[in-house]
Amino acid sequence: MRIEIRKEVFEPYREVAAYQKILAITGKAGATCVFVGTMRDFNEGSSVRGMTLEHYPGMTEKHLHEIAAQAGERWRVLDCLILHRVGEIRIDDVIVLVAVWSAHRGDAMDACRYIIEDLKSRAPFWKKEQLDDGERWVESNTTGYSEE
Amino acid sequence: MRIEIRKEVFEPYREVAAYQKILAITGKAGATCVFVGTMRDFNEGSSVRGMTLEHYPGMTEKHLHEIAAQAGERWRVLDCLILHRVGEIRIDDVIVLVAVWSAHRGDAMDACRYIIEDLKSRAPFWKKEQLDDGERWVESNTTGYSEE
Amino acid sequence: MAVTVKYFASLRETLGRNEETIEFEDGMRLSRLWKKANDGEPMPESLMTAVNMEYVKGDVELADGDEVAFFPAVTGG
Amino acid sequence: MAVTVKYFASLRETLGRNEETIEFEDGMRLSRLWKKANDGEPMPESLMTAVNMEYVKGDVELADGDEVAFFPAVTGG
């Protein structure tokens with residue numbers, strides 16, 4: 001299991017492929033589910049130019065380890081990788097990567113979903129968006145679906 | 001949207017990264033969900049050495065396009081990529097890749113799950129496993145979860 | 001009139017053939033096609049069937065030039 | 001006895017400080033700590049609270065050396 005807070009831009013698929021290479025799970029992991037969250041240029045009806053991601057050093061890492069452990073108790077998980085950016089984020093930068101390896105697809109997909117939903121609602125990160133006419137703290141995360 | 005049946009081994013994360021580069025969705029796709037299915041060395045209690053994947057040329061591609069279109073009707077999907085191997089598969093080869101890009105995570109994850117579940121239960125592919133003592137046709141796909 | 005019939009996977013191996021052309025008069029349905037192609041044996045219930053690369057349910061009527069496929073439960077992914 | 005208090009995000013900006021040490025006698029609870037640190041103002045209900053980097057619910061008692069954090073709803077991912 002690897003959980004890291006990153007100050008620098010990262011390429012998520014290169015990270016997943018590189019991490020998988022060091023895992024000793026050849027022939028065991030029939031399923032991998034990867035979620036990648038990327039900085040959009042719009043949020044809640046406004047055009048967004050960039051943002052600053054703040055976190056609580058120490059607690060954030062601790063909380064992510066707890067989430068991963070909980071997922072491992074609820075589903076059969078062989079390994080997982082969680083990377084999350086902090087600092088100055090530009091449009092199209094990757095913000096978060098969650099990858100879960102399991103023998104079977106249901107376990108990998110449910111665990112990945114569980115981790116990203118908990119991360120969004122409970123992990124201590126805060127976004128401050130730069131808009132055309134100033135800045136604003138994001139007050140809460142969305143439900144995860146487009147609003148019609 | 002790209003849907004391909006592949007006779008040769010492919011590296012899934014390189015495929016996702018390369019496909020994403022040609023998509024004109026910069027700043028729009030806040031969420032990507034990727035599922036990768038890999039050949040295990042065990043199935044239904046037996047040790048497996050490799051397998052042959054047969055498909056129905058024409059119908060398989062048609063069916064996968066229909067699945068992708070249905071997912072796009074049910075969820076807000078910006079794009080998707082589906083790659084599936086056929087022919088001789090070795091342990092640890094990637095069998096299937098499903099990647100879905102959406103503005104929001106719920107849409108990407110639900111659509112990806114929908115596509116892989118339909119693909120497993122309805123897309124015309126058939127697996128013949130090579131065991132230590134002969135071959136066998138896989139009679140049905142599993143539920144997707146480890147059995148305790 | 002004639003249809004092309006395809007068999008896949010374990011069914012193809014059991015029958016020992018993968019494709020054939022079956023000629024018939026008017027009014028041919030799926031179950032009768034199967035019997036005509038397979039020495040009068042009834043069609044196994046567990047088979048999946050497609051006509052012109054679309055799944056069909058029930059004993060549909062066939063038309064000249066149709067491509068009919070019989071196959072066991074699918075196991076891709 | 002003393003605890004370290006941390007504030008994050010919009011709360012940190014509103015209060016104009018990110019960390020402080022608050023000294024107290026025995027029997028200090030979270031709500032009283034907040035008031036002591038913030039001129040007697042009641043603690044906003046919407047805040048999330050953590051003690052020693054674990055979320056806490058309710059008005060828990062604090063111990064010497066605890067690290068207490070107050071912050072608004074989280075918005076990562």
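What you see is a predicted model; the values in this text were computed from it and never measured.
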Taking non-hydrogen atoms and a cut-off under 4.5 angstrom, which of residues 51-75 of chain A neighbour chain B?
-> A:W75

How many angstroms lie between OG1 in A:T38 and CZ in B:R105, if you round to the nearest 0.5 Å?
-> 13.5 Å

Atom CE in B:M109, atom CE in A:M109: separation rounded to 0.5 Å?
-> 7.0 Å

Do the side chain of B:R40 and the main chain of A:A103 share a donor and acceptor less than 3.5 angstrom apart?
-> yes

Is it the side chain or the backbone of B:D110 that comes within 4.5 Å of chain A heavy atoms, both, or neither?
-> both

Examine whether an atom of B:S102 lies under 4.5 Å from a heavy atom of chain A, and if so say whether it belongs to the side chain, the backbone or both; otherwise answer neither.
-> neither

May I ask you to name which of A:T143, A:I91, A:V96 has the most heavy-atom pairs under 4.5 Å with chain B?
-> A:T143

Determine whether more than 12 heavy atoms belonging to other residues, nucleotides or ligands lie under 6.0 Å from atom CD of B:E139.
-> no

Kindly give the heavy-atom pair with the smallest separation between [X] and [Y], and that separation in Å.
X	Y	value
B:T26	A:D92	CG2-OD2, 3.4 Å
B:G106	A:Y145	C-CE2, 3.3 Å
B:S146	A:H104	OG-CD2, 3.4 Å

Taking the six-membered ring for Trp, are B:Y13 and A:Y13 parallel (under 30°), tilted (30 to 60°) or perpendicular (over 60°)?
-> parallel

Please flag which part of A:A31 lies under 4.5 Å from any non-hydrogen atom of chain B: side chain, backbone, both or neither.
-> both

Using heavy atoms and a sub-4.5 Å threshold, report which of residues 111-127 of chain B line up against chain A, by residue number.
-> B:C112, B:R113, B:I116, B:E117, B:K120

Highest number of heavy-atom pairs under 4.5 Å with chain A: which of B:T32, B:V48, B:I25?
-> B:T32

